[in-house]
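Have a look at the structure below before the remarks.
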Amino acid sequence: MASAYGEMERKWQKRWSDRGLNLSDRDESKPKFMLIFAYPGVTGYLHVGHMRGFSYVDAIGRYKRMTGYNVMFPVGTHATGNGSISLAEKIRRRDPGTIDYLLRNGCPEEKVADLTEPMDVVRFFNDVYVNEYWKRFGFLADWRRFTCTLFPDYARFIQWQFRKLHDRGLLIQKPYFAPACPSCGPVAVDASETDISKGGSAETQEYTLLKFRHGDEFLVAATLRPETVYGQVCFWVNPDVEYVRVRVGGETWVVSPQAAEKLSHQKEGVETVGTVPGRELIGWMCTAPMIHRDIPVFPARFCDPDVGTGLVTSVPSDAPDDWISLEALKSDTAMAEEYGLSRELIDSVVPIPIIDMEGYGRFPAKDIIDRMGITAPGDPKLVEAKKQVYKDGYHMGRMNAVCGEYAGLKVDIAKDRMKQAMLDAGEADVFYDLTEEVVCRCGKRVFIRRIDDQWFINYADKDLTERTAEHCRTMGIMPSEYYNNVQGVLSWFRERACVRLGNWLGTEFPFDGKWIIEAISDSTLYPIYYCISLYANDGRIRPEQMTESFFDHVILGKGDRSAVSEETGIPEDLLGRIADDIRYWYPLDLNLGGKEHMTVHFPAFLKNHVAILPQEMWPRGIMVNWYVTGKKNKATGKGDKISKSKGGAQPIPGAADTYGVDALRLYYAHVASPFADVEWDEDNVLSYRQRLDRIQAFVGELDAFAEDTEPTGIDRWLVSRFNGHIKTIREAMDRFDLRMMASTAYFEMFNDLKWYTRRGGRCRSALREAYRRWFMAMMPVTPHTAEELWETEGFEGLASESLLAEYDPELDCPEAEYGEDLIRYVMSDAAQIVKVTGIAPKRIILYTAPAWKRKVVSNAADLLGQGKLDIPGLTKACMADPELRSRGKAVSDLCRKVAGDHMRSTEENVRPIAETDEFALLSSAAGFIGDDLSTKVEVLDSDSEGLYDPAGKSKAAVPGRPAILIE
RNA sequence: GCGGGGGUAGCCGAGUCGGCCAAAGGCGCGGGACUUAAGAUCCCGUACUUAGUGUUCCGUGGGUUCGAAUCCCUCCCUCCGCACCA
């Protein structure tokens with residue numbers, strides 16, 4: 001059964017490929033549409049969640065194709081970085097987890113042994129992505145244009161891009177502090193832990209180093225709260241730590257050995273010149289920065305030599321650790337004696353309140369300690385206490401009167417100013433550290449290292465930002481929340497380090513070969529390269545021919561063609577052809593990417609286009625898609641990664657075999673708005689599979705009893721409905737609203753056909769018209785199924801190659817649609833009465849409204865046509881009619897009701913209510929309605945002579961709402 | 001903290017420039033048809049109430065309005081981003 005889908009799918013994929021439907025070549029006679037999904041990083045196997053966005057792109061491309069566009073849908077992969085290096089490395093040393101992972105995902109065992117070189121890994125996965133994912137899903141992508149960021153020709157393009165950025169003055173150099181491994185160079189510290197083996201959640205923190213003078217040397221403390229210096233009363237040293245003396249810029253600093261090593265990566269000429277036991281420092285007096293008071297050095301074991309400098313300035317008023325440690329020291333006479341500290345000295349140290357904030361007293365640290373019930377140093381709750389009091393102080397606090405010129409300032413402002421003042425005075429320095437231990441893949445500890453000549457792309461450039469922001473207002477950006485938000489993102493986007501050192505795969509930086517262009521910076525302008533990759537891939541141009549003047553010429557239209565041809569050896573007509581291609585295909589009409597791209601890729605993508613290309617080549621559209629997540633974790637309430645145990649992690653080809661790719665594609669398109677995460681749920685996928693199966697089976701059943709009859713009312717209804725659906729679908733797809741489109745094609749249209757058959761419809765020609773529209777409507781999302789149906793029903797050619805029917809106002813038949821609505825309405829009402837009363841009906845009588853009531857509704861429609869329906873107006877109009885006037889109050893009552901009901905309706909909607917011959921309609925449907933309700937139905941005209949009306953129901957009859965008597 | 005998104009019936013999810021909204025659609029569930037039976041499929045129903053009605057209702061509490069899921073304010077809860085990670 002599994003392979004049945006696969007066989008059918010491959011059959012159609014071959015047909016499409018044989019017809020070259022996926023190929024995109026310039027055709028000036030057609031409008032073009034170019035779209036991509038942001039190419040995925042080559043990080044290993046993908047899971048079913050990744051196919052969501054990819055499938056959207058194929059569906060949109062297919063829709064565009066069937067509405068007359070020449071579509072280019074190219075694909076590629078992003079392999080820059082060290083992912084494949086570390087994967088190859090793990091395979092080389094036969095890491096069991098990695099091997100198991102490969103085999104589990106269907107990597108042939110004999111292949112595993114070959115994947116020991118990074119580029120082999122990249123090539124392997126490029127092949128997997130293209131063949132096992134994208135082709136398997138039936139994408140009509142132009143495979144000839146495939147490119148990868150590690151291809152030599154791609155590198156030439158990236159180098160050109162950087163030359164242009166340089167020309168525009170957007171490349172700048174300045175010092176930078178980055179996590180780096182001493183032997184592997186810079187590493188990425190993030191949750192994915194691509195580069196590292198430990199510490200993915202670590203953050204880089206900026207500390208202020210405070211220098212406390214003691215004689216001709218300095219005790220150096222690191223703090224995150226430089227604004228609290230006015231509250232310093234003593235200084236903590238861990239008596240058990242052997243500190244070191246280091247020479248830094250002509251000064252001698254005392255810090256922990258770990259800190260000395262970290263400093264050596266961030267400062268020039270850091271040299272260890274001796275050691276000093278912490279115990280020895282205790283009892284010293286040192287001069288605090290900013291306040292220039294002498295404060296004593298006390299022992300405290302909470303000083304971790306691996307955090308900051310291992311030395312801590314003590315601000316008991318605002319630091320819970322400091323408060324509790326000082327309390328402990330004051331009450332511990334044994335400790336004082338051990339370190340030879342006099343009672344007077346200890347007692348002389350008194351906390352100084354420095355920050356006022358709501359919800360706290362003079363000493364916030366004490367308050368939080370009391371509140372949390374902390375009684376001794378070393379309590380694990382101190383971590384939380386510290387966080388809370390820091391946070392509150394930073395956002396709500398104000399410096400009080402003791403803080404000199406900073407008194408009255410808000411803490412967040414005072415912090416920057418005081419830090420700057422101390423830096424200017426040489427009393428402080430800056431220092432970067434990671435919040436937790438980070439270990440490189442190679443096993444070495446990662447430190448923050450200063451890089452002096454780091455290159456940045458200056459995305460903060462004001463002119464660039466403004467022009468980009470302005471352009472974004474003209475773009476189609478979805479969802480609309482992002483359309484608005486992108487403005488903020490663009491101005492928030494700052495200089496970005498664009499090159500890195502170390503063992504990385506990527507393009508060599510054109511201005512200094514020691515640098516490799518990093519992963520984000522080489523994936524911003526690339527869509528335009530798909531216009532060129534075609535010619536690089538088929539060998540017509542070689543990488544070395546892709547010079548600066550080549551790109552300048554074909555992309556920017558610069559230079560003399562014959563001169564460029566001369567220089568590059570590329571024939572003039574080929575240069576012309578490439579230039580024409582670019583002019584034809586660009587700009588990019590749609591770039592679709594996951595939500596992770598909103599703050600990084602998309603702004604960079606936009607700004608690079610604006611910076612380098614002329615305005616007419618700037619992108620036209622962006623669409624963001626959300627994720628398919630694993631089942632919600634009950635404990636955390638969060639969606640976990642799709643995991644193997646839940647089924648979602650099964651390899652993509654496996655899922656395709658099980659459900660068929662069309663079921664998956666339909667699932668992605670319909671299960672939720674693209675702008676919301678969905679939980680992966682196999683039952684959902686299965687229900688879409690069943691729906692497709694049902695649709696196919698249903699078409700077969702219809703064929704069995706279709707007849708060559710003349711079209712009747714119900715046929716007009718079907719044609720009208722499907723014509724309307726085409727309109728809905730076209731409008732939806734013009735907004736890329738796949739969900740609305742799928743809702744219409746797989747639910748509405750299907751339900752209509754079911755209703756059609758229930759009502760006795762069986763006209764072959766009407767069905768054929770409906771089919772043509774229906775199968776085309778299914779083509780973008782479930783192309784294989786659509787083709788299958790298309791062929792079965794004997795339509796010409798391929799559905800994927802055909803044009804979608806136009807919406808034709810001539811085919812609209814509001815009367816027919818209203819008539820069916822009325823029948824359904826009557827059935828539902830009658831059924832409800834039966835249910836409510838609980839009587840088993842022997843007979844149901846429907847009374848249609850008398851002619852005079854129709855006249856009232858007709859008058860209402862007239863008034864709506866004139867755009868002014870209201871109760872007095874309608875009453876007046878009706879009273880002008882002598883026949884109506886003669887009915888007096890009954891008419892005015894009805895006018896009130898009718899006007900009230902339809903005041904906000906339209907003439908087109910109300911007109912059929914007045915004009916439908918309810919008696920004829922319901923009489924013809926009486927048998928059908930009766931069958932449905934398992935009883936006999938009679939229709940009586942309220943106007944008829946000698947009307948049978950024992951319950952007096954007929955007077956309740958109103959146009960659009962026949963009275964019902966159940967006996 | 002800053003910035004952004006949300007809280008709708010058993011569940012998922014439409015709807016949000018105020019009114020035909022008791023609130024689409026799907027799933028689930030209940031009933032019926034079909035069937036030897038199960039499954040699938042097809043109909044109908046699925047807040048409470050009721051001869052087709054009425055009542056309550058769209059996180060909480062207020063407000064504006066003839067009228068609010070939709071507008072304003074309070075509060076609670078929740079998710080996402082805050083960077084060199086694509």
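The basis for the numbers below is simple: all heavy atoms, side chains too, and nothing from hydrogens, waters or symmetry mates.
Contact annotation for A/Phe675: no contact, since no heavy-atom pair falls under 4.0 Å across all strands. Base engagement by A/Glu596 is indicated by at least one non-hydrogen atom pair under 4.0 Å involving a base atom. A/Arg494 comes within 4.0 angstrom of a nucleotide base, judged by non-hydrogen atoms across all strands. Using a 4.0 Å heavy-atom criterion, one finds that A/Ala672 contacts no nucleic acid atom at all. Among the atoms of the strands shown, only primed sugar atoms or phosphate atoms (P, OP1, OP2) are found under 4.0 Å from some heavy atom of A/His78.
Rounded to the nearest Å, the gap between the C1' atom of B/G10 and that of B/U65 is 35 Å. A distance of about 11 Å separates the C1' atoms of B/C21 and B/C57, rounded to the whole Å. For the P atoms, the distance from B/C29 to B/G39 is 11 Å, rounded to whole Å. Rounded to the nearest Å, the gap between the C1' atom of B/U60 and that of B/U74 is 9 Å. Spacing of P atoms, B/A83 relative to B/C76, comes out at 27 Å, to the nearest Å. Taking atom P in both B/A22 and B/A33, one finds a spacing of 34 Å when rounded to whole Å. On the C1' atoms, B/G59 is 12 Å away from B/A69, given to the nearest whole Å. Going from the P atom of B/U64 to that of B/G1 covers 31 Å, rounded to whole Å.
With rounding to whole Å, A/Glu518 atom CD is found 8 Å from B/C85 atom P. Between A/Trp515 atom CH2 and B/C84 atom C1' the separation is 13 Å, expressed in whole Å. Straight-line distance from the CE atom of A/Met749 to the P atom of B/G25: 18 Å, rounded to whole Å. Rounding to whole angstrom units, NE2 of residue A/His601 and C1' of B/C85 are separated by 14 Å. The distance from atom CG of A/Leu692 to atom C1' of B/G26 is 14 Å, rounded to the nearest whole Å. The distance between atom CZ of A/Phe698 and atom P of B/C34, rounded to the nearest whole Å, is 20 Å. Taking atom CD1 on A/Ile695 and atom C1' on B/G26, their separation rounds to 13 Å, with Å as the unit. Rounded to whole angstrom, the span from the CD1 atom of A/Ile448 across to the P atom of B/C84 amounts to 9 Å.
For the pair A/Glu227 and A/Ala414, the tightest heavy-atom approach, listed with the atom from each and the gap, is CB-C, 4.3 Å. Considering all non-hydrogen atoms of both residues, A/Tyr129 and A/Thr77 come closest at CD2-CG2, 3.8 Å.
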Are any protein N/O atoms closer than 3.5 Å to N/O atoms in nucleotides 54-59 of chain B? If there are, list each pair with its distance.
none

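In summary, the aromatic rings of A/Tyr746 and A/His670 are positioned with their centroids too far apart to meet the 6.0 Å limit. Aromatic ring centres of A/Phe125 and A/Tyr45 lie closer together than 6.0 Å.
Remark: A/Arg450 pairs with A/Glu268, A/Asp452 by the salt bridge (charged side-chain N to carboxylate O under 4.0 Å, His left out) rule, at least two apart or across chains. In this structure, the salt bridge (charged side-chain N to carboxylate O under 4.0 Å, His left out) partners of A/Lys595, at least two apart in sequence or on a different chain, are A/Asp677. The side-chain hydrogen bond (donor to acceptor under 3.5 Å, both in side chains) check on A/Thr465 picks up A/Lys607, with sequence neighbours excluded. Scanning for salt bridge (charged side-chain N to carboxylate O under 4.0 Å, His left out) contacts around A/Lys955 gives an empty result, with sequence neighbours left out.
The aromatic rings of A/Tyr176 and A/Phe456 sit perpendicular to each other, their planes meeting at more than 60°, with 30° as the lower class boundary. Using the six-membered ring where Trp is involved, A/His50 and A/His47 have ring planes that are tilted, between 30° and 60° apart.
Under the Watson-Crick and G-U wobble criteria, each requiring two contacts below 3.5 Å, nucleotide B/U46 is paired to B/G28. Remark: B/C71 base-pairs with B/G63; criterion is Watson-Crick or G-U wobble with both hydrogen-bond distances under 3.5 Å. Across the strands present, B/C34 finds no partner; the criterion is a Watson-Crick or G-U wobble pair with both atom distances under 3.5 angstrom. Across all strands shown, the partner of B/C82 is B/G1, judged by Watson-Crick or G-U wobble contacts whose two distances both fall under 3.5 Å. Shown here, B/C20 forms no base pair; nothing in the strands shown gives a Watson-Crick or G-U wobble contact with both key distances under 3.5 Å.
On a pure distance criterion of 3.5 Å, a polar donor-acceptor pair joins the side chain of A/Arg496 and the base of B/A83.
A salt bridge (charged side-chain N to carboxylate O under 4.0 Å, His left out) with A/Asp752 is found for one member of A/Arg721, A/Arg759, A/Arg758 and no other, namely A/Arg721.
Side-chain atoms of A/Leu171 and A/Asn458, non-hydrogen and from C-beta on, never get closer than 4.5 Å to each other.
Comparing B/G26, B/A14, B/C85 against the side chain of A/Ser673 picks out B/A14 as the nearest.
Map A/Tyr39 and A/Val671 each onto its nearest nucleotide of RNA chain B; the residue landing nearer the 5' end is A/Val671.
At B/G15, none of the side-chain N or O atoms of A/Arg739 fall inside 4.0 Å of OP1 or OP2 (strictly under the cut-off).
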Review point. In B/S/- notation, 5' to 3', how is nucleotides 41-52 of chain B contacted by protein heavy atoms closer than 4.0 Å?
Key: SSSS-----BBB
